[in-house]
Amino acid sequence: MAIQALKGFKDILPGESEKWVFMEETARRIFRTFGFSEIRTPVLEKTDLFVRSIGTSTDIVEKEMYTLIDRSGDSITLRPEATASVMRAFIEHNLQGQQPIHKLFSIGPMFRHERPQKGRLRQFHQINAEYIGTNSPFADAELIYLLMQILDHLGLLEIRLRLNSLGCPLCRPSFNSALQGFLGERQSELCPDCQRRMSTNPLRVFDCKVERCQELLTAAPTITDFVCRACQEHFEQVQKLISGLSIPIHRDPRLVRGLDYYTRTTFEISASHLGSQDAVAGGGRYDGLIRQLGGADMPAIGFAIGLERMALLLSSQEEWINRPFVFLIPLGAAAREKAFSLLTILYKKEIPAMMDYEDKSLKSQLKRADKVKSRFAAILGTEELNKDRILIRNLDTQSQEAIPIPQFLDYFLERYLK
RNA sequence: GUGAGUGUAGCUCAGUCGGUUAGAGCACCAGGUUGUGGCCCUGGGGGUCGAGGGUUCGAGUCCCUUCACUCACCCCA
C-alpha cells in the first residue's frame with residue numbers, strides 16, 4: 001500500500017488550488033483597503049501560550065491540540081488558532097509601544113486533533129483579522145463590515161450574521177451563577193452532556209441539540225438580562241452601527257464561543273449547504289487577552305474565516321482551471337524549434353501559453369488545446385514556416401487567419417490586454 | 001472518544017441465488033479526416049474487487065478480523 005496523507009490532512013490539487021488563491025487574494029485586497037497589514041507567525045508555539053489564552057477547560061486545550069515534546073524537552077504545540085500567536089508576536093516585538101492602534105491579518109493553517117467530517121479537518125486554514133487598541137463600538141462595526149465585504153466579494157449568498165454580547169469580567173459572573181442556579185434546579189431533567197457542561201462551562205448548554213434540553217432552556221436566564229450598563233450601551237451602539245450599514249442582524253443570546261478569552265461582542269456567520277458545521281466565520285472581542293498574556297491593557301476584536309468551509313460554498317471546480325491564452329501547435333521538428341522561441345516570447349510578456357513537445361498530429365494537438373480551454377491555437381507547419389507566417393485559430397469562433405510571424409507577439413498583446 | 005454508512009478501472013458506479021475470461025459511463029490513447037478541436041462512430045490501454053484469514057469443487061458475492069474513507073455526535077472555522 002502506498003503511503004497516504006494523515007487522517008484529516010488534505011492535498012489541495014490543481015483545479016481546487018485556483019479557488020484558494022482567489023479567496024486569499026480577494027481577502028488581501030479588501031484588508032489593504034481597510035488598512036490592515038499582514039503578519040505571519042510560526043505554526044509552532046510553546047504549549048503554554050495556548051493553555052493560557054484559550055483556557056484550560058476548553059475542548060481545544062483539553063483534547064484537541066497537537067502537542068509534542070521536542071528534542072530539548074520543551075512542550076510545543078501546533079497552533080489550534082491564530083489569535084494567541086499573533087498576540088504573542090505583538091507583545092514580544094513591543095508593537096504596542098509603536099502606535100496606539102493596530103490592524104493585523106494573517107492567513108494560514110491551524111491544527112486540531114478531531115474526528116474529521118464535512119467542513120472539518122485536522123489541518124484547516126483560516127483568514128484571521130485582529131483590530132487592536134480600541135474598544136469603540138465603531139471598531140466592532142468596522143470589523144464586521146470588513147468581514148461582510150470579504151464574504152461579499154467572494155460571492156457568498158445565503159449567509160446570516162448572528163450577534164451576541166457575552167458581557168465583561170464584571171457582569172458575566174453574575175449571569176454564570178444565575179444560569180448555574182437555573183440549571184441546578186433542573187439537573188435531573190438535563191441530558192448527561194448538559195449535566196457535565198453545567199459545571200465546566202454552563203454557557204455551552206445553549207448549544208445542546210437535545211430537544212428536551214432546549215425546551216427547558218426557553219425559560220433560562222439570558223446574558224442580555226445581566227450585562228452591565230457599560231456592556232449594554234456598547235452592544236446597543238454596535239447593533240445600531242451595523243444596522244446603519246444595511247446588514248441584517250440576527251440577535252442570538254445563545255450564541256456562545258468556544259474560547260475563554262471572548263468578552264462583549266461575539267458573532268458568527270452561518271451558511272446553509274454546509275452540513276452540520278455551518279459556521280463559515282466567527283469572532284469577537286477579547287479585551288483582556290493581551291494583558292493576560294503579559295502585555296499592556298489593550299482591548300481588541302477579531303475574526304476568523306474558515307477557508308475549507310468557504311471553499312465548500314464557492315462554485316464547482318470547472319470554473320477554476322488555469323486556462324492558457326495561446327496554445328502553440330508545431331508540426332515537425334523545425335517548426336517545434338520556432339514555436340518554442342515564440343512560446344518563450346509569450347512567457348516573457350506574461351501571456352499564459354502552452355505547448356507540448358511530443359510529435360503528435362495536428363488533430364491530437366488541437367484536442368489538447370481544446371481540453372485545456374485555450375482561447376487561441378497558433379499552428380505552425382512547414383507550409384507556414386516557408387512563408388514566414390503562422391496560422392492563428394480562434395477556438396471559440398472557429399475563425400482563423402495566417403499572420404506574418406514578426407507580428408505574432410503584437411497580435412496577442414493586443415488581444416490579451418483587453 | 002461514540003454511532004452509522006461505504007470500500008470493484010484515474011473518476012462515478014453496476015455486478016442477480018456463490019458459477020466460465022469482472023462490466024458500463026466519463027476520462028485517457030489511436031483511427032474514421034495525408035493539416036483542423038468540441039458532436040458522432042469504431043477500436044485500444046488500464047483491475048491485488050481495500051487488506052488478511054476462513055467456509056466451499058468454486059468467493060467481488062457468505063463468515064471473521066483489520067485498515068481506510070464518509071457522515072453524524074461532542075466541539076468548533
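- In this structure, the separation between CD1 on A:Ile301 and CD1 on A:Ile132 is 12.0 Å, given to the nearest 0.5 Å.
- Rounded to whole Å, atom P of B:G1 lies 7 Å from atom NE2 of A:His113.
- Distance A:Arg120 CZ to B:A77 C1': 10 Å, rounded to the nearest Å.
- Using a 30° and 60° split on the angle between ring planes, A:Phe31 and A:Phe36 fall in the tilted class, from 30° to 60°.
- Mapping A:Val280 and A:Lys63 onto RNA chain B by nearest heavy atom places A:Lys63 closer to the 5' end of the strand.
- Between A:Lys7 and B:C69 there is a side-chain polar atom (N or O) within less than 4.0 angstrom of OP1 or OP2.
- Within the 3.5 Å criterion, the main-chain N or O of A:Ala271 finds no donor-acceptor partner in the side chain of A:Asp278.
- Between B:U70 and A:Gln117, no contact under 4.0 Å exists linking OP1 or OP2 to a side-chain N or O.
- Among the heavy atoms of the strands lying under 4.0 Å from A:Ala281 are primed sugar atoms or P, OP1, OP2 only; no base atom is included.
- Classified by interplanar angle (parallel below 30°, tilted 30° to 60°, perpendicular above 60°), the ring pair A:His125/A:Trp20 is perpendicular.
- Legend: residues meeting side chain to side chain donor-acceptor pair (under 3.5 Å) with A:Gln292, ordered by chain and number and at least two apart, are absent.
- With salt bridges taken as basic N to acidic carboxylate O contacts below 4.0 Å, one links A:Arg40 and A:Glu38.
- Below the 3.5 angstrom threshold, one finds a donor paired with an acceptor across the side chain of A:Glu114 and the base of B:A77.
- A salt bridge does not link A:Asp356 to A:Lys360: none of the charged nitrogens lies less than 4.0 Å from a carboxylate oxygen.
- Here the closest heavy-atom approach between residue A:Ala402 and residue A:Leu391 is recorded as N-CD1, 3.9 Å.
- Nucleotide B:A77 holds its P atom 8 Å from the CZ atom of A:Arg309, rounded to whole Å.
- Taking atom P on both B:C63 and B:G7, the two are 14 Å apart, rounded to the nearest angstrom.
- Look at the P atom in both B:G5 and B:U65: the space between them is 15 Å, to the nearest Å.
- With both ends at atom C1', the span from B:A14 to B:U6 equals 15 Å, rounded to whole Å.
- For the pair A:Glu268 CD and B:C75 C1', the interatomic distance rounds to 12 Å; values are reported in whole Å.
- Taking the charged nitrogens against the carboxylate oxygens, A:Arg336 and A:Glu358 have no contact shorter than 4.0 Å, which rules out a salt bridge.
- Comment: A:Asp287 engages A:Arg285 in a salt bridge, judged by a side-chain N to carboxylate O separation of less than 4.0 angstrom.
- Between A:Glu45 and A:Arg79, no side-chain nitrogen of the basic residue sits less than 4.0 Å from a carboxylate oxygen of the acidic one, so the salt-bridge criterion is not met.
- Taking atom CG of A:Leu274 as the reference point, atom C1' of B:A72 lies 15 Å away to the nearest angstrom.
- For the pair A:Glu24 CD and B:A77 C1', the computed distance is 15 Å after rounding to whole Å.
- For RNA chain B, each stem of at least three Watson-Crick or G-U pairs (distances under 3.5 Å) is given as range with range: B:1-7 with B:67-73, B:10-13 with B:23-26, B:28-32 with B:40-44, B:50-54 with B:62-66.
- What separates CG of A:Leu147 from P of B:A77 is a distance of 13 Å, to the nearest Å.
- In this structure A:Ser75 satisfies the side chain to side chain donor-acceptor pair (under 3.5 Å) test together with A:Thr47, sequence neighbours excluded.
- When the C1' atom of B:C76 is taken as reference, atom CE of A:Met65 falls 15 Å away, rounded to whole Å.
- Taking all atoms of both residues into account, the shortest heavy-atom contact from A:Ser272 to A:Leu313 is O-CD2, 3.7 Å.
- A gap of 47 Å separates the C1' atoms of B:A77 and B:U16, to the nearest Å.
- With P as the reference atom, B:U61 and B:C76 are 44 Å apart, rounded to whole Å.
- Looking only at atom types and distance, the side chain of A:Thr397 has a donor-acceptor partner in the side chain of A:Ser399 under 3.5 Å away.
- Here the separation of B:C17 from B:U56, taken at their C1' atoms, is 15 Å to the nearest Å.
- Counting only distance, with no hydrogens or angles, the side chain of A:Ser374 and the backbone of A:Phe327 share a donor-acceptor pair below 3.5 Å.
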With 3.5 Å as the limit, what N/O pairs link the protein to nucleotides 30-37 of chain B?
{"residue": "B:G32", "atom": "N7", "partner": "A:Lys363", "partner atom": "NZ", "Å": "3.2"}
{"residue": "B:G35", "atom": "O6", "partner": "A:Glu383", "partner atom": "N", "Å": "3.1"}
{"residue": "B:G35", "atom": "O6", "partner": "A:Glu384", "partner atom": "OE1", "Å": "3.4"}
{"residue": "B:G35", "atom": "N1", "partner": "A:Glu384", "partner atom": "OE1", "Å": "2.8"}
{"residue": "B:G35", "atom": "N1", "partner": "A:Glu384", "partner atom": "OE2", "Å": "3.0"}
{"residue": "B:G35", "atom": "N2", "partner": "A:Glu384", "partner atom": "OE2", "Å": "2.8"}
{"residue": "B:U36", "atom": "O2", "partner": "A:Arg393", "partner atom": "NE", "Å": "3.3"}
{"residue": "B:U36", "atom": "O2", "partner": "A:Arg393", "partner atom": "NH1", "Å": "3.1"}
{"residue": "B:U36", "atom": "O2", "partner": "A:Gln400", "partner atom": "OE1", "Å": "3.4"}
{"residue": "B:U36", "atom": "N3", "partner": "A:Gln400", "partner atom": "OE1", "Å": "3.1"}
{"residue": "B:U36", "atom": "N3", "partner": "A:Gln400", "partner atom": "NE2", "Å": "3.0"}
{"residue": "B:U36", "atom": "O4", "partner": "A:Gln400", "partner atom": "NE2", "Å": "3.1"}
{"residue": "B:G37", "atom": "O2'", "partner": "A:Asp370", "partner atom": "OD2", "Å": "3.3"}
{"residue": "B:G37", "atom": "N7", "partner": "A:Arg393", "partner atom": "NH2", "Å": "2.8"}
{"residue": "B:G37", "atom": "O6", "partner": "A:Arg393", "partner atom": "NH2", "Å": "3.0"}
{"residue": "B:G37", "atom": "N1", "partner": "A:Leu395", "partner atom": "O", "Å": "2.3"}
{"residue": "B:G37", "atom": "N2", "partner": "A:Asp370", "partner atom": "OD1", "Å": "3.0"}
{"residue": "B:G37", "atom": "N2", "partner": "A:Leu395", "partner atom": "O", "Å": "2.7"}
{"residue": "B:G37", "atom": "N3", "partner": "A:Asp370", "partner atom": "OD1", "Å": "3.3"}

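- A:Asp140 and A:His234 share a donor-acceptor pair across their side chains, judged by distance under 3.5 Å alone.
- B:G60 and B:U21 are spaced 15 Å apart, taking the C1' atom of each and rounding to whole Å.
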Under 3.5 Å, which N/O atoms of the protein pair with N/O atoms of nucleotides 3-7 of chain B?
{"residue": "B:G3", "atom": "O6", "partner": "A:Arg115", "partner atom": "NH2", "Å": "3.4"}

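- Annotation: proximity of residues 126-133 of chain A to RNA chain B (heavy atom, distance under 4.0 Å) is found for A:Gln126, numbered in ascending order.
- If you check every strand for non-hydrogen atoms under 4.0 Å, A:Leu121 touches a base.
- Across all strands shown, A:Gly275 has heavy atoms under 4.0 Å from sugar-phosphate atoms exclusively, and none from any base.
- Comparing B:G47 with B:C73, their C1' atoms are spaced 37 Å from each other, to the whole Å.
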